[in-house]
Amino acid sequence: MLELDKAYDASKYEANLYQLWQDSGLFNPDNLPDQTGEPYTIVLPPPNVTGTLHTGHALGVTIQDILIRWRRMQGRRALWIPGTDHAAIATQSKVEKIIEKEEGKRKTDLGREEFLSRVENFAQSSHDTIVGQLKSMGASLDWSREAFTLDEPRTLAVRTAFKSMFDDGLIYRGHRVVNWDPKGQTVISDDEVVHQERDAILYTFKYSADFPIPISTTRPETKVGDTAVAVHPSDERYQEFIGKEYDVEFCGVALNIKIVADESVEKDFGTGALGVTPAHSLIDAEIAQRHNLEFKPVINEFARMTVGDERIFDKKTTAAREAVVEWLKEHDLVISEGPIKQNIATAERTGGVIEPLPKVQWFLAVNKPFKLKHSEIEGISAGQETTLKELMRHVVSSNQIDIVPDRFAKTYFNWIDNLRDWCISRQIWYGHRIPVWYKPVNEIGTEPEIYCGIEAPDGDNWIQDEDTLDTWFSSGLWTFSTLGWPNKTEDLGKFHPTDVLETGHDILFFWIARMILMSTYHTGQIPFKKAFLHGMVRDAQNRKMSKSLGNIVDPLDMTAKYGTDALRFALVFNTAPGTDMALAEDKIKGMKHFGNKLWNIARYILQNTESANFTALKFEARTEADKTLQENLENCLATVNSSLEQFQIHTASQNLYDFTWHSLADVYIEASKLQLAENNTKESTQSNLAYSLITTLKLLHPFMPFVTEAIWQELHQNKLTESPLLLTAKWPE
RNA sequence: GGGCGGUUAGCUCAGUUGGUAGAGCGUCUCAUUGACGUUGAGAAGGUCAGAGGUUCGAAUCCUCUACCGCCCACCA
């Protein structure tokens, strides 16, 4: 007679069960017994190798594993691809901070080679931790296909992708005002800029005593780079000055200021006149282009002034600001000054204040027409002229890609409509080196010869571009680079486009949009049919989890305390897609109780069905209680099936909880105690109990893989189940 | 400034095309060791933010208001 422990002890089973699954090889769809099943693919959003997984990852992993396990049990050739992301700037700045803290050194003290080897060590250990965490979450990932955004196959993919886009003229080198991060010493993309509200002072003043128009600014130090004053074309106050030019001496710097009329100027802000600093403001640069104004750089990469006399030269911008204000006051040029709320741009990873600078960088053109080489996209045929922006918009607006919840599609379109060329080069060391080589020409003033290719060109004197690529360039290729692209692999034909991309809504632009861009361009296919977005996990008081608040919930602490199944179920229970959720420890505890309830249901049924036949299962409704149970079970099954089809995971979990506890346990098991005592209902009751248990285990397995498999294994040892692993047992239809 | 959400039981949230409000946790009462005390039976608790409209009927659709939140954006 089989004896289960009185209570389910997750720690006793989890590691062994994961090993059992992994040893079976069935996480790899090529090993599944039925090779006729339709493929079903999910790529794991590769976690950054910057540390460890948090509860947000745990939520994503849980949802994806539910989908994969469910489809696998349905007979689909389910493939879930694991991997990690080198995360370029994020990882580099993390390691920089560690080295600075522990050794007081900077990356330049170590040199490129030594520094990179430190980063790689860090990335490796971070990777190992992450893999351990994923396994501990029960993730049924095919480890034989594990990928890394910076490994060899992905490097080939990145270089191939770069070269195609370069050859198509979509990737180009451009000189323009970019977001420079003086702290990280690199340029960053528009999407990596984070705006923060700060208090600033708005100064209103004149360049000189005889200058006709006063201007307002929060950054007086940049005014030494001004080449114009812009006013609104219809502003009556300044009509007579439009078109005129003035020479002034501003804080020791000679300026030539032209008065221009531009629609973008707000008449009601400040004096209605804007000092135009083309080299250090994106907006001003646009105005300058429209009016053909001179770009005059006055700030360098270290946020120090490059012009002026000893008052400001080589001073940090903040110090120079004070000096300029002082000079203005000395010369009685300040008309007014007052506090103002200002949104300043900072770098996402380093927190540095962005300094717009004119620089030569690599860009990806999103509005430039090109001919799509290959297309499986409805509505856009091969050879047709299109743009990347159009591709990105089209596949979503034509519902070839379904974004869930659909309100995020609006956010997506909004982003696309305001999208500018993507700056893809970075002045950091960790990442994919740009596959472009230069050959300097001896004659001064001529452009070097340029070569773009997968490998370095033959011949001497070729020097590779020093820059690396934005990390999202390589993650944008993820759905197909993980399947072997650019090689025409079997995997690629079988598993791409992928079925679902599940991730947090916070990386809709960074990643989802970039994957759509890259996949449609390079493969002529959508990357995934559905983008399913989950919300952010918050603490019990609904606050953001952050280090400073000290309210971070470590998923591994929770799984150690309550078991993985409890955490998984708590994460999806009563949580709608895309909506932020509060995660209280009590909720996890409650779900541990649920797992234990299931365990004891199994225990009861085993104790009371010694002679029942578990393998030839059927339900026989003889009594009212039987009928009710049968009805409830069928309802539950139907609801779970339709809910999962519609990605209503919370509805499915709610129904399973309710049926298992309040129908099977509370009602039927109680009724069974009488029915088992009656000879004419004994056998049918045993059979019904067994049938219900088996079905419940199957339905719950995607949600709570460990406890269900643990019970299944106990049953299997007694030859009570049809398949050795619940992992691949047949899903009830 | 532009865009998108939210406001439902003490707390955290579900509520699938409009048909007399649900869950988990918490609270209160009772039961008892019988698979499980990580239990069972039961109870209390909500004019679904407010106002107006459409409808036989609105938490659900429309309009407005109030408050909260998120994303985007260099009114210098």
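Lettering of chains follows the sequences in order, A, B, ..., and the numbering in each one begins at 1. Atoms considered below: every heavy atom in the structure, side chains included; atoms not considered: hydrogens, waters and symmetry mates.
Note on A/K673: a side-chain N or O is less than 4.0 Å away from OP1 or OP2 of B/A35. Contact annotation: A/H195 reaches the phosphate of B/C74 (side-chain N/O to OP1 or OP2, under 4.0 Å). A sub-4.0 Å separation between OP1 or OP2 of B/G15 and a side-chain N or O of A/H650 is present. The phosphate of B/C75 has neither OP1 nor OP2 within less than 4.0 Å of any side-chain N or O from A/K341. Between A/H593 and the phosphate of B/G40, there is no side-chain N or O to OP1/OP2 separation shorter than 4.0 Å. For A/T579, a side-chain nitrogen or oxygen approaches OP1 or OP2 of B/A14 to under 4.0 Å.
Side-chain proximity of A/R407 to the nucleotides B/C71, B/G5, B/G15 is greatest for B/G5. With distances taken from any side-chain atom of A/R420 to the nucleotides B/A76, B/C74, B/G40, the minimum falls on B/C74. Among the nucleotides B/A35, B/A76, B/A41, the one closest to the side chain of A/Q342 is B/A76. Minimum atom distance to the side chain of A/I601 is reached by B/A35, of the listed B/A35, B/C75, B/G24. The side chain of A/P356 has B/C74 as its nearest neighbour among B/C75, B/U38, B/C74. If you check B/C71, B/U38, B/C36 against the side chain of A/R603, the one that comes closest is B/C36. Set against B/C71, B/C74, B/A14, the side chain of A/L282 has B/C74 as its closest nucleotide.
If you take atom C1' in B/G46 and the same atom in B/G15, they sit 14 Å apart, rounded to whole Å. Atom name P, nucleotides B/G18 and B/A59: the rounded distance is 13 Å, in whole Å. If you take atom C1' in B/U33 and the same atom in B/G69, they sit 49 Å apart, rounded to whole Å. Comparing the C1' positions of B/C56 and B/C71 gives a spacing of 42 Å, expressed to the nearest Å. Nucleotides B/G45 and B/G6 have their C1' atoms positioned 24 Å apart, rounded to a whole Å. Remark: the separation of the C1' atoms in B/C36 and B/A31 is 16 Å, to the nearest Å. On the C1' atoms, B/A51 is 15 Å away from B/A58, given to the nearest whole Å.
Along RNA chain B, the nucleotide nearest to A/K597 and the one nearest to A/D658 differ in position, and the one closer to the 5' end is contacted by A/D658. Mapping A/N414 and A/T218 onto RNA chain B via the closest heavy atom, the residue that lands nearer the 5' end is A/N414.
Ring geometry, A/W661 versus A/F594: the interplanar angle falls under 30°, so the pair is classed parallel (tilted spans 30 to 60°). A/Y13 and A/Y8 have parallel rings, their planes meeting at less than 30° on a 0 to 90° scale where 60° marks the start of perpendicular. Using bins of under 30°, 30° to 60° and over 60° for the plane-to-plane angle, the ring pair A/F703/A/F569 lands in the perpendicular bin.
The residue A/Q654 sits close only to the backbone: its heavy atoms come under 4.0 Å of sugar-phosphate atoms, none of a base. At the heavy-atom level, A/N574 lies under 4.0 Å from base atoms of the strands shown. A/A582 comes within contact range of the sugar-phosphate backbone alone, with a heavy-atom separation under 4.0 Å but no base atom that close. Within the 4.0 angstrom heavy-atom criterion, no nucleotide atom of any strand lies near A/A345. Among the protein residues, A/S281 comes within range of the nucleic acid bases, having at least one heavy atom under 4.0 Å from a base atom. A/F594 comes within contact range of no nucleotide atom at all, as no heavy-atom separation falls under 4.0 Å. Using a 4.0 Å heavy-atom distance criterion, A/K589 is classed as making no nucleic acid contact. Counting non-hydrogen atoms under 4.0 angstrom, A/A602 reaches nothing in the nucleic acid. Using a 4.0 Å heavy-atom cutoff across all strands shown, A/I669 reaches at least one base atom of the nucleic acid. A/H662 comes within 4.0 angstrom of the backbone, heavy atoms only, and of no base. Using a 4.0 Å heavy-atom distance criterion, A/F408 is classed as making no nucleic acid contact.
For an aromatic pair to be called close, the ring centres must be under 6.0 Å apart, and A/F408 with A/W415 fails this.
Following rounding to the nearest Å, A/F205 (CZ) and B/A76 (C1') show an atom-to-atom distance of 11 Å. Atom CG in A/D580 sits about 13 Å away from atom P in B/G69, given to the nearest Å. Atom-to-atom, CD of A/E197 to P of B/G69 comes out at 13 Å; the value is rounded to the nearest Å. Atom pair A/Q646:CD and B/U17:C1' shows a separation of 11 Å (rounding to whole Å applied). The distance from atom CG of A/D586 to atom C1' of B/A23 is 15 Å, rounded to the nearest whole Å. Regarding A/N418, its CG atom lies at a distance of 12 Å from the P atom of B/C72, rounded to whole Å. In this structure, the CG atom of A/L419 is 14 Å from the C1' atom of B/A73, given to the nearest Å. Counting to the nearest Å, the C1' atom of B/C11 and the NZ atom of A/K587 are 12 Å from each other.
A 3.5 Å limit on both hydrogen-bonding distances identifies B/A43 as the Watson-Crick or G-U partner of B/U27. Remark: B/A51 base-pairs with B/U63. Criterion, Watson-Crick or G-U wobble with two distances under 3.5 Å. Base-pair partner of B/C70: B/G3 (Watson-Crick or G-U wobble, both distances under 3.5 Å). The base-pairing partner of B/U38, taking Watson-Crick or G-U wobble contacts with both distances under 3.5 Å, does not exist among the strands shown.
A/E337 has no carboxylate O lying under 4.0 Å from a charged side-chain N of A/R321, or vice versa, which leaves the two without a salt bridge. Salt bridge annotation for A/D235-A/K267: absent, with no cationic side-chain nitrogen under 4.0 angstrom from a carboxylate oxygen. A salt bridge does not link A/R603 with A/D5: every distance from a Lys NZ or Arg NE/NH1/NH2 to an Asp or Glu carboxylate oxygen is 4.0 Å or more.
Between A/E266 and A/H232 the shortest side-chain heavy-atom distance does not fall below 4.5 Å.
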Point to revise | Working for side chain to side chain donor-acceptor pair (under 3.5 Å), residues A/Q648 and A/S643 | key: CA-CA 5 Å; A/Q648 302 285 324; A/S643 305; over 6 Å; no
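Remark: the A/E670 side chain and the B/A35 base include a donor-acceptor N/O pair separated by less than 3.5 Å. If you check distances only, the side chain of A/N343 does reach the base of B/A73 with a donor-acceptor pair under 3.5 Å.
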